[in-house]
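Quick caveat, the model's predicted, so the values are computed rather than measured.
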Amino acid sequence: MSYTALYRKWRPAAFTDVKGQDHIVQTLKNQIEAERIGHAYLFCGTRGTGKTSIAKIFARAVNCEHSVDGSPCNVCELCKGIAQGSSMNVVEIDAASNNGVENIREIRDQVQYPPTEGKYRVYIIDEVHMLSTGAFNALLKTLEEPPSYVIFILATTEVNKIPITVLSRCQRYDFKRISAETLCARLKELTEAEGIEAEERALAYVAKAADGSMRDALSLLDQCVAFHYGDCLTYDNVLEVLGAVDSSVFSGLLRAILAKDTAFCIGRLEEMVIQGRELGQFVTDFIWYLRNLLVLKTAGDAENMLEMSEDNLRQLREDAEMIDEDTLMRFIRVFSDLSSQLRYASQKRVLIEMALIRLTKPQMEHNLDSILQRIGELEERMEEGNAAMSPEVIRSLAAQLGQTIPGSRQLSLAGVNGGEDSGDSASEKQVVIPKAQLEDLNLIRRDWGKIIRDLGGAIRPAFRETVVEPGGESCLCVVFSSEDCYAIGSRPTVIGALEEYVRKNYGKELYFKVRKREAGEQTIPIYVSDEELKKAVHMEIELED
C-alpha cells in the first residue's frame, strides 16, 4: 500500500479533532444542534488552519443520521459516502482552476434538484477569491436566495479580494493562526501514535517553523522523519534538515556585532554557508531573535509572551542587558530591509555580509541611524572617562550632520590643519552651550524614548521622530518634522504634561517649547561645553560669537 502523508492521514474527521479553532467549532456545533443552519458561510484565514477540514466535517454533520453533539458519527452510510467522495450531496470545487462564469452557471443549474439522500446539498468552493468578476456576479443571486436544502461554504486565504456584495451574504468566520504550544502538543500526540521517537525540543522547533499552520507542521515533521528514518528525531537533526540555525549562534553573533568584531561575524556566516544553512531562514530567525530581545526590554509581561524554555529565557535576559532599545530597532530595520531584498537576490551571502558590516562599522554609513549610534558610543566613552575625541572624529561627525544654529556661540578648531582654517567652516563647527544647559540636555536626551513611552496617549506617536535641543536657561525645545505631530505637540496640555513628568521624575524645573523643522534644515547638532572640549581635544580653542 502506498504511503500517505501525515497531513492527509491525520486530517480531522470530527470537530473534536480540530485544534486551535475552538471559537468556530463551538459556534457550528451549536447551529447544528439548534437546527439554525445558515445558507452561506465564508471561512477565511491563513493556509493550513483547518478551513477545508472544518467545511468537510460540517458537510457530514448536517447530513449525518446519528450526529452526536453536533459532530458526525462517521459510521453511517451518508458519512462514509461523503468521506470517500462518492456522495452527490457534497460538491467540492477548486475556484483556482474553475473560475469562469460557465462553472458558476453549472452550480446554478444543479441547485434546482434536491438531494437524493440526506437533508442538504453542500457546495464547498475553495480559494473563492480566484473567481472572476463575472463569476462572482453570476453567484450573487443564488448565494442570496438558494433553495432551503443548499448550503454554500466559501474558503479563502485572501478575504480582501472578495467583493463586498458576497461578504454581506455570508456568515464570516476568521480562522486564527494556531499557537506553537498547540501545534507542539498535536505533533507529540501524532508521533506517539505513529511510533516515532522525537525530542520535545525538536517538535517545538518544528511547531515554531510552521508559523501557525497545522499542515505545514505535519509536512515539516514528515520531511524530518524521512531524513532520519528509524532514529530518534533530535533538535540538531531538525536544524540540519530545515537549514535553520541554533539560537545560541544568534547570541554569539549579537555580542560580536556589539564588540565591532567584523571578522568574527563574516567567519560565522562562512560556517553557516559551509554547513548548508538556508540564508533566508537565518535572516528571518535573527529578526525574530532581535524582536524577542525588544519585547523583553519594553513589555511588562514579556516572559508570558515569549514561548521558550527557561534556559533560553535566561540567555535572552543576559543578551538584552547588553543593548538598548534604539540600537535594537536599528538592527531590526537593517535586517528587515535585507529580508525583502533576499527574495529576488542571486547573491544572498554578499547582501548579508554587507548588512553585518553596516552594523559593525556604522562609520561607513552616513544615514541618521548610523550617526546616532556613533554619537551614543562617544557619549558612553566620555561618561566612562576614556574618551579620546580627536579632531578628525569631530570634523567627520560635523560634516555629516552639518550642524549650525543661528545665534549660537560656535567652535573653531584652530590648528587642525596646521593652524589654518580649512575653508569649509560648516564641517569644522561645533555648537557650544553653557555646562548647566548641556547637563539638562543630556539628561533628557538620554531618556527621551522612555519619557515619551511613559507619557503615552497622543504624545507617544506624535513625539516618535522628535529631536530635543537647548532652548535657553532651564528651557528645552522639541523639534518636530511633521506638521500634524507639531500641531499635537504644541498644545499647552501636552507641554504641561511633559514639564510635570520631568519635575516629578528628575526633580528639575525645566520648561519646554516646540518648533517645526524648516525645509532643508540639518538635524541633531553636537552640543558640547567648553570644559569637555578643552579636555578632549587637547589644543587651543578659539570661541567665536
Side-chain angles (χ1 to χ4, degrees), residues 5 7-8 11-12 21 24 28 31 37-63 78 81-175 177 213-216 219 343-344:
Y7 80 87
R8 294 180 59 200
R11 181 187 287 273
Q21 309 296 347
I24 295 174
L28 296 178
Q31 287 188 358
I37 300 170
H39 68 277
Y41 296 85
L42 177 63
F43 293 170
C44 47
T46 188
R47 69 188 187 283
T49 50
K51 298 184 295 298
T52 307
S53 296
I54 289 182
K56 292 180 176 180
I57 296 171
F58 186 75
R60 292 199 299 274
V62 295
N63 285 297
L78 281 172
I82 295 172
Q84 294 169 1
S86 59
S87 174
M88 300 295 292
N89 282 9
V90 178
V91 180
E92 187 174 356
I93 302 168
D94 177 21
S97 53
N98 301 279
N99 58 2
V101 176
E102 63 278 2
N103 302 114
I104 301 302
R105 284 175 179 165
E106 289 178 11
I107 296 176
R108 194 172 59 188
D109 294 338
Q110 292 173 6
V111 298
Q112 300 175 14
Y113 305 102
T116 55
E117 55 182 356
K119 298 178 181 179
Y120 295 95
R121 290 177 68 98
V122 182
Y123 289 87
I124 302 172
I125 306 179
D126 204 5
E127 301 299 333
V128 70
H129 64 273
M130 299 292 287
L131 289 179
S132 64
T133 303
F136 272 123
N137 292 333
L139 182 63
L140 281 179
K141 190 62 178 176
T142 306
L143 199 63
E144 183 176 23
E145 297 178 358
S148 59
Y149 49 79
V150 173
I151 299 174
F152 285 97
I153 302 179
L154 314 180
T156 179
T157 55
E158 299 184 46
V159 69
N160 57 294
K161 294 184 179 180
I162 308 295
I164 189 65
T165 50
V166 173
L167 290 174
S168 63
R169 289 166 167 81
C170 301
Q171 293 185 25
R172 174 174 170 173
Y173 293 86
D174 290 291
F175 284 66
R177 289 180 182 269
S213 170
M214 182 66 75
R215 183 170 63 240
D216 286 4
S219 297
R343 296 179 186 177
Y344 311 103

Counting N and O atoms only, with roles assigned by atom type, does the side chain of Lys51 sit under 3.5 Å from a partner on the main chain of Gly45, one being a donor and the other an acceptor?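 A pair under 3.5 Å: yes.
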
Do any N or O atoms from the side chain of Asn103 and from the backbone of Gly100 form a donor-acceptor pair under 3.5 angstrom?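 Yes; at least one donor-acceptor contact below 3.5 Å.
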
Without placing hydrogens or testing angles, list every side-chain donor-acceptor pair under 3.5 Å for residues 136-144, not counting sequence neighbours.
| unit_1 | atom_1 | unit_2 | atom_2 | d |
| --- | --- | --- | --- | --- |
| Asn137 | ND2 | Thr133 | O | 3.3 |
| Glu144 | OE1 | Arg169 | NH2 | 3.3 |

Gap separating the [atom1] atom of [X] from the [atom2] atom of [Y], nearest 0.5 angstrom:
X      : Y      : atom1 : atom2 : value
Asn89  : Arg60  : CG    : CZ    : 13.5 Å
Phe175 : Ser213 : CZ    : OG    : 13.0 Å
Asp94  : Met130 : CG    : CE    : 8.5 Å
Ile24  : Tyr173 : CD1   : OH    : 8.5 Å
Ile37  : Tyr120 : CD1   : OH    : 4.0 Å
Ile104 : Ser132 : CD1   : OG    : 8.0 Å

Scan for ring pair (Phe, Tyr, Trp, His ring centres under 6.0 Å) pairs involving residues 145-171, sequence neighbours excluded, and state none if there are none.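 Checked against ring pair (Phe, Tyr, Trp, His ring centres under 6.0 Å) - neighbours excluded - the pairs reaching residues 145-171 are Tyr123-Phe152.
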
Which residues satisfy the ring-ring contact (aromatic ring centres under 6.0 Å, His included) test with Tyr7, sequence neighbours excluded?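 Result, ring-ring contact (aromatic ring centres under 6.0 Å, His included) vs Tyr7: none returned.
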
Show the nearest heavy-atom pair for residues [X] and [Y], with the distance to one decimal.
X      : Y      : result
Glu92  : Thr52  : OE2-CG2, 3.6 Å
Leu154 : Cys170 : CD1-SG, 3.9 Å
Cys44  : Arg172 : SG-NE, 3.5 Å
Glu117 : Ser87  : OE2-OG, 4.5 Å
Val101 : Ala135 : CG2-N, 3.7 Å

Have a look at Val90 and tell me which of Leu78, Ile153, Ile151, Ile82 forms a side-chain contact (heavy atoms from CB on, under 4.5 Å) with it.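 Answer after filtering Leu78, Ile153, Ile151, Ile82: Ile82.
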
Tell me the side chain to side chain donor-acceptor pair (under 3.5 Å) pairs involving residues 38-50, sequence neighbours left out?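 Output for this query lists Gln31-Tyr41, Arg47-Asp216.
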
Residues which pass side chain to side chain contact (heavy atoms under 4.5 Å, CB included) with Pro12, listed by chain and number, not counting sequence neighbours: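 Expected list: Asp17, Val18, Ser53, Ile57.
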
Take Thr157 and His129 through the side chain to side chain contact (heavy atoms under 4.5 Å, CB included) test and state the conclusion after the steps. CA-CA 8 Å; Thr157 55; His129 64 273; 3.7 Å; yes

Report all side-chain donor-acceptor pairs from residues 161-168 shorter than 3.5 Å, counting only partners two or more places apart or in another chain.
| unit_1 | atom_1 | unit_2 | atom_2 | d |
| --- | --- | --- | --- | --- |
| Lys161 | NZ | Glu158 | OE1 | 2.8 |
| Ser168 | OG | Ile164 | O | 3.3 |
| Ser168 | OG | Thr165 | O | 3.1 |

Please assess Arg121 against Val111 for the test side chain to side chain contact (heavy atoms under 4.5 Å, CB included), listing each intermediate value before the final yes or no. CA-CA 8 Å; Arg121 290 177 68 98; Val111 298; 5.7 Å; no

